[in-house]
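These notes are about the structure you will find just below.
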Number of protein chains: 2
Amino acid sequence: MPHPAEPPPRGDARAEQRRRTEARILAAASDQFVEAGYERTTIRAIAQAAGVDAGLVMHYFGSKLALFEQVTKGGQLPPAPTGPPGQVAEQILAQLAGSLTTEPVRSLAMLRSMLTHPETTQAFREGTQRFRAQLAAAIPAPDADTRAALISALIMGVVMDRHLLKSGGLDTADPDQIIALLRPVLRTLTTADPPPDPA
Amino acid sequence: MPHPAEPPPRGDARAEQRRRTEARILAAASDQFVEAGYERTTIRAIAQAAGVDAGLVMHYFGSKLALFEQVTKGGQLPPAPTGPPGQVAEQILAQLAGSLTTEPVRSLAMLRSMLTHPETTQAFREGTQRFRAQLAAAIPAPDADTRAALISALIMGVVMDRHLLKSGGLDTADPDQIIALLRPVLRTLTTADPPPDPA
DNA sequence: TTGTTCAATCAACGGGTGTTGAACGGAGGG
DNA sequence: CCCTCCGTTCAACACCCGTTGATTGAACAA
């Protein structure tokens, strides 16, 4: 191989055309996986939505599973909930508020497909485990792990209810109202309990 | 038709054999739907697990979808959370405690399959809507609907995390510990907030 | 006994799937 | 100009699916 001067050698119409086509396929695949899940999404449907032939999808991405992994790679789950103990709840709430208005596409695709496609489960678990570990580290309580797991489950349930289940009751609710109701809940879960209740 | 003395005319070996076979198919189908979801569950696999031919499954239940509906029918979602406002939280906790130890098979089958199979979505929505409506009626607050929806999402997330996702962090946790952590959360959500916090 | 009913099996069809390999056609380099 | 590369298409393969119809054989009725 003679020294390749520039990796993207400016003005290569073919390379750029390919990049665009790949991006179009990737976007179409993302939509389909989110809307229909892994099993019901067909490579032919992706190809049609991208305006190409099904064989081309295979030629570029190798297999349906590889394409799926490419789609779900990169974005992953919400960022790190690090910070002083008192601020953890607010950070989670801010993150959740974003997920209520904007669909977290990759998370939804992984979540939905994970429930159907076993090969995906491992990747999803690793993502949530990292999230929970960081979260648990920020909670000053002996049962921090369980608290973090509950918060993770709570977030998962809420996002699923709003974006996947739909008409589950949360899709029409005001995000601010949801956040306001969840604030005391998250404060309770992220801080050790005072006296339970002197009733 | 000559008056049929008894509908189950005692000692009909064929009828009882059929009932047993149907029950076996139903149980096998339930397992498969929960473990693999609707799409990945094949009639052939159900038949094999039940020790019969695939055609027999069709002959008894008509179609795969009809079989699935039969499996998910009946048990539905947790019973009514009615009662005095103060007791609602404890009732939910008791119900949830049961769902943590024993798998709510039908709910899981519906939940998992709903995420893949659109025809199932409606049935699941109706189930959760009834649950939420009854729950909202027991919550003395102006935003009772949103509160009920959040509780529903919370339960869904927890049950999913424990039984479907597995190793999501809640599968190894002690049920009593989970319930204890959730108690203040549900009390907060089922009762109108006192002063937010005078810090 | 004879005839009927019905649980259960078997082989097959039609369709949809992921995947493959050959073929086309225009852009790039000699 | 020709030759090669490469994005792209096309037709087909092999497989598995849900579903069906004919068929078998044992339990019931007469």
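Everything numeric here is computed off the predicted structure, so don't read it as measured data. Basis for what follows: all heavy atoms, side chains included, without hydrogens, waters or symmetry-related copies.
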Starting the side chain at C-beta, find the nucleotide from [options] nearest to [X].
{"X": "B:R44", "options": "C:dA8, D:dA12, D:dC17", "answer": "D:dC17"}
{"X": "A:Y60", "options": "D:dG7, C:dA7, D:dG18", "answer": "D:dG7"}
{"X": "A:S63", "options": "C:dA7, C:dT19, D:dT19", "answer": "C:dT19"}
{"X": "B:T21", "options": "C:dA8, C:dC10, D:dT19", "answer": "C:dA8"}
{"X": "B:R18", "options": "C:dT19, C:dA7, D:dT8", "answer": "C:dA7"}

d([atom1], [X]; [atom2], [N]) in whole Å:
{"X": "B:I43", "N": "D:dT19", "atom1": "CD1", "atom2": "P", "value": "5 Å"}
{"X": "A:D53", "N": "C:dA22", "atom1": "CG", "atom2": "C1'", "value": "13 Å"}
{"X": "B:E22", "N": "C:dA8", "atom1": "CD", "atom2": "P", "value": "9 Å"}
{"X": "B:R20", "N": "C:dA8", "atom1": "CZ", "atom2": "C1'", "value": "17 Å"}
{"X": "B:E39", "N": "C:dG16", "atom1": "CD", "atom2": "P", "value": "15 Å"}
{"X": "A:L56", "N": "C:dG18", "atom1": "CG", "atom2": "P", "value": "15 Å"}
{"X": "B:I46", "N": "D:dT19", "atom1": "CD1", "atom2": "P", "value": "11 Å"}
{"X": "B:M58", "N": "C:dC13", "atom1": "CE", "atom2": "C1'", "value": "14 Å"}

Under the side-chain hydrogen bond (donor to acceptor under 3.5 Å, both in side chains) rule, collect the residues that match up with B:E35, sequence neighbours excluded.
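Expected list: none.
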
Which part of the nucleic acid, if any, lies within reach of A:H59 when heavy atoms closer than 4.0 Å are counted: base, sugar-phosphate only, or nothing?
base

If I take atom CD1 from residue A:I92 and atom CD from residue A:Q95, how far apart are they, to the nearest 0.5 angstrom?
9.5 Å

So which atom in B:P140 and which in B:T190 form the shortest heavy-atom distance, rounded to 0.1 Å?
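Shortest heavy-atom separation between B:P140 and B:T190 comes out as CD-O, 3.5 Å.
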
For the base of D:dC5, is there a side-chain donor-acceptor partner from A:R14 under 3.5 Å away?
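Side chain to base: pair present.
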
Please check the phosphate of C:dC6 (OP1 and OP2 only) for any side-chain N or O of B:Q17 closer than 4.0 Å.
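It does not, given that no N or O in the side chain of B:Q17 lies less than 4.0 Å from OP1 or OP2 of C:dC6.
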
Relative to the 5' end of DNA chain C, which residue comes earlier, A:Y38 or B:G51, by the nucleotide with the nearest heavy atom?
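Mapping each residue to its closest nucleotide by heavy atoms, the 5'-most match is B:G51.
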
Only pairs at least two apart or in different chains count here, so list each ring-ring contact (aromatic ring centres under 6.0 Å, His included) that has a residue in residues 150-169 of chain B.
none

Short N-O contact, A:R18 and A:E22, less than 4.0 angstrom
yes

